Amino acid sequence: MGLVVGLEEKLPSGFLLTKVEKLAGYMRKNSLWPATFGLACCAIEMMAAGAGRYDLARFGMEVFRASPRQADLMIVAGRVSNKMAPVVRQIYDQMAAPKWTIAMGACASSGGMFNNYAIVQGVDHIIPVDIYLPGCPPRPEMLMDAILKLHEQIGNEKLGPNRERIIKEVEAAALAAKPTHQLKGLLT
Ligand code: SF4
């Protein structure tokens, strides 16, 4: 008869095995803290998602942080003007690593209906994006669905140098993309 104590008593097979990577992913995905900022109409839906009716607190996300240094999730909610682009990048750079980004809505993902010189045609031209959320505006339910999909992604994410390599690849792809002033869409 083996010695049975604590948690082992509750488990049918007597012991629990996992990988450090899985354990870190589990803890990270359940403690995401978003940065507090919004750029346009999509931000209203983001605020609704954080309020009582939708209650993001259920997912360990009740604290939208006022300082980027205490945040690890950037929800880009709204169109990004060329004037705001360096500000968005600075907030991203100041956030604690590891960090993740959701491009919320058509404008943040691709420029949306604003196919003009003033708007960045997709925020992935300035920061790496983990999840693209379509819609104009996406409803709070859609944002919550995107957050849960991001949870899955974080739960299976690589650690250390592997994660850094992935970020470098995404950043290199963004830098290699065509400059926004050369992009042509349906209206040009
Ligand atoms: S996607 Fe629609 S709702 Fe969101 S910022 Fe653009 S115009 Fe506004």
Side-chain angles (χ1 to χ4, degrees), residues 29 32-95 99-154 167 170-171 173-188:
K29 75 176 185 177
L32 277 180
W33 285 2
T36 308
F37 86 102
L39 296 171
C41 7
C42 273
I44 303 296
E45 302 295 321
M46 181 181 70
M47 286 182 243
R53 185 181 171 93
Y54 294 98
D55 193 15
L56 270 181
R58 286 177 289 161
F59 307 105
M61 298 182 60
E62 58 269 63
V63 274
F64 274 73
R65 302 308 299 182
S67 164
R69 290 182 177 83
Q70 297 166 352
D72 56 2
L73 172 63
M74 175 178 268
I75 302 173
V76 185
R79 54 190 172 266
V80 184
S81 64
N82 282 325
K83 197 172 177 183
M84 276 303 285
V87 181
V88 172
R89 179 69 212 202
Q90 187 175 2
I91 293 172
Y92 179 81
D93 286 338
Q94 288 175 339
M95 282 166 54
K99 48 196 164 186
W100 297 273
T101 309
I102 295 177
M104 180 180 180
C107 291
S109 300
S110 67
M113 70 183 89
F114 301 100
N115 187 6
N116 62 40
Y117 65 89
I119 300 297
V120 176
Q121 301 296 295
V123 73
D124 53 4
H125 285 275
I126 51 171
I127 54 173
V129 171
D130 296 283
I131 298 266
Y132 296 87
L133 175 55
C136 176
R139 298 274 302 137
E141 293 92 337
M142 295 170 72
L143 177 59
M144 286 163 67
D145 182 58
I147 288 168
L148 292 178
K149 290 207 164 51
L150 182 63
H151 280 187
E152 268 173 45
Q153 203 170 302
I154 294 171
I167 290 177
V170 174
E171 294 238 27
L175 286 174
K178 200 182 257 196
T180 53
H181 65 273
Q182 288 177 15
L183 288 175
K184 297 216 183 308
L186 294 174
L187 302 178
T188 51

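Quick caveat: nothing in here was measured; it's all calculated off a predicted structure. Order of listing sets the numbers, starting from 1, for every ligand and every atom in it. Values below: every heavy atom of this structure, side chains too, minus hydrogens, waters and symmetry copies.
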Would a distance-only check, ignoring hydrogens and angles, find a side-chain to backbone donor-acceptor pair under 3.5 Å from [X] to [Y]?
X    : Y    : result
D72  : W33  : yes
K149 : D145 : no
K29  : E152 : no

How far apart are the C-alpha atoms of D124 and Y132, what are their side-chain angles, what is the distance that settles it, and do they pass the side-chain hydrogen bond (donor to acceptor under 3.5 Å, both in side chains) test? CA-CA 10 Å; D124 53 4; Y132 296 87; 2.7 Å; yes
Only pairs under 3.5 Å count here: list side-chain donor-acceptor contacts from residues 35-52, not counting sequence neighbours, and write none if there are none.
from : atom 1 : to  : atom 2 : distance (Å)
T36  : OG1    : F64 : O      : 3.2
T36  : OG1    : R65 : N      : 3.4
T36  : OG1    : R65 : O      : 2.8

Atom pair CE (M95) and CD1 (I91), whose distance is rounded to the nearest 0.5 Å: 9.0 Å
I'd like to verify the contacts: list protein N, O or S atoms under a distance of 2.8 Å from atom 6 (Fe) of ligand 1. C107 SG
If the cut-off is 4.0 Å to any non-hydrogen atom of G135, which atoms of ligand 1 fall inside it? 1 (S)
